[in-house]
Amino acid sequence: MTIGFENRTVRVVIGFLTAAALVVVYLPPLYLVGVSFNPALQPALPSLGDISVKWYVELANERGLLAALRESLLIATATTVISVSVALAAALAYLELGKLRNAWFLLVLMPMFVPGLIQGLALSVILNRWQVVPFWGTVAMGHLLWALPFAFTVILTSMVSVRRSYLLAAADLGASWWQRVTQIILPLIIPGIVGGVIFSFLLSLNEFARSSYLVGRQNTLPLVLFGKMNSGASPTIYALSGLILMASVLAVALFMYLSARRKRA
Amino acid sequence: MANSIGIDQVSRRFGEVVAVDNLQLEIKAGEFFTLLGSSGSGKSTLLKMIAGFDQPTNGCILFDGADVTRMPANRRPCNTVFQDLALFPHMSVAQNVGYGLRVRRLAKSVQIEKVRDALQLVDLDGYQDRDIMALSGGQRQRVALARSLVMEPGILLLDEPLTGLDERLRQQMRDEFGRLHKKTAATFVLVTHNQDEAMSLSDRMAIMHHGRLVQVGTPDEILHRPTNEFVARFVGLESIVVPDRVEKRGAGLEVIINGRRTEIPGFHGEVLPEKIAIRSDRMTLEAGEHGIPATLVEQHFRGRYYECTLAMRDDTRLTAEISVDAMPEGMDTGKTTSLGLQAGALVPVMT
């Protein structure tokens with residue numbers, strides 16, 4: 001390897017750039033978490049003696065925020081269940097398809113490239129025409145289009161660990177199609193399924209553009225947070241953000257842990 | 001209990017490509033049968049159709065005379081040992097071996113017992129809880145065998161299972177196949193491109209080329225009476241000459257090669273062979289003018305013998321393996337020598 005890593009100057013420069021990139025990416029959210037533990041009203045880092053969970057406690061009284069959180073969790077759960085099931089079916093179909101594979105892959109992936117504002121608008125126009133009153137289900141519909149391509153990609157990637165000969169061998173030993181799916185394919189792609197669940201859930205939880213068109217009487221969390229930011233925020237939103245951030249990190253860590261354990265086996 | 005296999009006018013086409021071409025073959029119950037051929041000869045396609053992973057374009061597959069052509073793989077009384085073994089990586093040794101029994105919903109205690117018996121059969125009892133990834137290549141091979149044999153199949157299909165093993169392990173596993181065949185009394189069908197494997201294991205074998213059977217017979221028949229030059233070369237008879245003349249003489253043949261008269265005993269056919277193969281390990285070189293005149297073109301030292309390339313009068317090349325102490329004094333490339341033939345050196349090749 002002669003890409004210059006042995007050169008001292010090059011190493012220092014690359015090290016500096018890496019550190020700078022990491023700071024830019026990770027510092028703002030960490031700052032936010034820090035702010036959420038500051039009991040003062042003005043957003044700033046707390047001094048060590050002042051650290052307090054005041055806003056986290058206060059959060060329990062914020063009816064509007066909590067209702068939005070509940071709505072968002074409901075939508076995220078529905079989106080996750082449907083998107084992972086459909087993605088799994090789509091990935092199994094991909095496994096069976098011959099020449100049509102690439103076309104199928106693109107077809108399922110396509111919604112990822114449609115801008116959320118346009119997709120949300122389009123869906124809301126159609127639902128309006130069919131006289132569907134917007135509710136959490138219509139939001140989940142929009143989120144499904146956003147989450148499905150990601151879940152599909154993650155599950156499909158994990159399918160490489162399913163060799164064709166495993167399925168032939170299972171059939172050879174008497175297994176029906178259903179047994180091959182449940183006893184051979186599913187156990188081998190568990191990391192992909194877990195990944196699909198986490199992706200779908202987080203993508204739905206964060207989604208803004210599509211939600212803004214499709215939402216019913218109860219706003220989702222990102223919509224409420226955005227509204228509150230504009231109308232002079234109560235620091236409870238920092239507490240809520242911190243809570244969501246920490247939950248996300250935990251979820252991703254769990255996924256990494258599971259797939260690492262898988263690889264070792 | 002072993003099943004017989006009937007291949008009745010079976011063809012398999014992939015678009016324009018004919019992988020198996022109107023093939024007719026009868027494999028007897030309980031025999032060790034080998035399909036020998038190079039890659040692309042159609043031998044693996046034929047095996048897939050017997051296993052039920054592929055369907056013929058035309059023709060029928062019969063087990064014990066009953067048509068199974070449209071029967072799916074999971075209902076056929078045959079099991080396959082795959083080239084890549086296809087052991088399930090998320091299961092232990094016992095779970096792999098017991099998978100077919102679990103699918104059959106046998107009682108847990110019966111499963112445990114049968115798995116133990118199968119592992120005993122391949123010398124791996126006690127390895128039940130091991131991880132597949134923690135096994136050596138030879139051990140994985142045995143697990144794959146046990147996983148098939150635990151099903152007590154009437155037919156065991158072996159799809160080039162020895163590729164990827166080193167030479168010593170290949171020979172060990174080859175002996176293992178022979179032993180297991182005797183013990184289980186099932187019909188074994190082996191697909192391979194290795195003629196030594198085919199010769200040493202088979203009761204009967206078929207040589208495949210371009211989707212057709214070139215010759216079917218016992219290893220002995222194929223080695224001593226190859227139907228044509230392709231078969232002769234495939235089983236290692238590389239030195240093939242067109243004799244000056246061939247005549248029937250009593251119970252044998254009189255052959256004239258390079259002007260010298262010699263005999264092949266025990267030839268009973270009516271049609272005379274067009275070519276003669278000379279076994280490289282049955283040739284000698286002599287100083288005199290007793291044998292067939294030939295010119296030494298090349299010689300390479302191979303450890304225990306010299307590999308000598310000889311040119312005949314019509315420039316046909318022969319390869320002779322001359323043991324180190326049988327090499328005449330002063331022999332060198334470019335010199336004319338006299339080729340002697342030991343008993344059994346000549347093999348008639350029909351076309």
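Throughout, a chain's letter reflects where its sequence line sits, starting with A, and its residues are numbered from 1.
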Quiz item: Just checking, any donor-acceptor pair under 3.5 angstrom between side chains of His143(A) and Ser211(A)?
Solution: yes

Quiz item: In residues 240-254 of chain A, which residues are in contact with chain B at a heavy-atom separation under 4.5 Å?
Solution: none

Exercise. Go through the side-chain N and O atoms of Thr80(A) and Ser200(A) and say whether any donor and acceptor fall under 3.5 Å apart.
Key: no

Practice problem: Please check if any side-chain donor atom of Gln120(B) sits under 3.5 Å from a side-chain acceptor atom of Asp125(B), or the reverse. | Solution: yes

Practice problem: Sort Arg147(B) into side chain, backbone, both or neither according to what part of it lies under 4.5 angstrom from a heavy atom of chain A. | Solution: both

Practice problem: Let me know if Leu87(B) has heavy atoms under 4.5 Å from chain A in its side chain, its backbone, both or neither. | Solution: backbone

Practice problem: Please determine, by modelled atom types, if Ser165(A) and Asp84(B) share a side-chain donor-acceptor pair under 3.5 angstrom. | Solution: yes

Quiz prompt | Pairing residues for Gln119(A) by the side-chain contact (heavy atoms from CB on, under 4.5 Å) criterion, not counting sequence neighbours | solution = Pro111(A), Val114(A), Leu145(A), Arg210(A)

Quiz item: Looking only at side chains, do Ser204(A) and Glu207(A) share a donor and an acceptor under 3.5 Å apart?
Solution: no

Quiz item: Just by distance, with hydrogens left out, do Thr192(B) and Glu160(B) show a side-chain donor and acceptor under 3.5 Å apart?
Solution: no

Quiz item: Residues of residues 60-72 of chain B under 4.5 Å from chain A (heavy atom pairs)?
Solution: none

Practice problem: Kindly write out the residues that satisfy side-chain contact (heavy atoms from CB on, under 4.5 Å) with Leu180(B), not counting sequence neighbours, or none if the list is empty. | Solution: Leu121(B), Val122(B), Leu145(B), Leu149(B), Glu176(B), Phe188(B)

Exercise. Count the heavy atoms of every other residue, nucleotide or ligand shown that sit under 6.0 Å from CZ of Arg101(A), and state whether that count exceeds 12.
Key: yes

Quiz prompt | Top contributor to chain A interface from Leu157(B), Val103(B), Val81(B) [non-hydrogen pairs under 4.5 Å] | solution = Val103(B)

Self-check item: For chain B, the option from Gln183(A), Arg164(A), Gln179(A) that forms the most heavy-atom pairs under 4.5 Å
Solution: Gln183(A)

Exercise. Name the orientation class of the two ring planes belonging to Phe150(A) and Trp146(A) (parallel below 30°, tilted from 30 to 60°, perpendicular beyond 60°).
Key: perpendicular

Exercise. Return yes if a side-chain donor-acceptor contact under 3.5 Å exists between Arg12(B) and Asn58(B), otherwise no.
Key: no

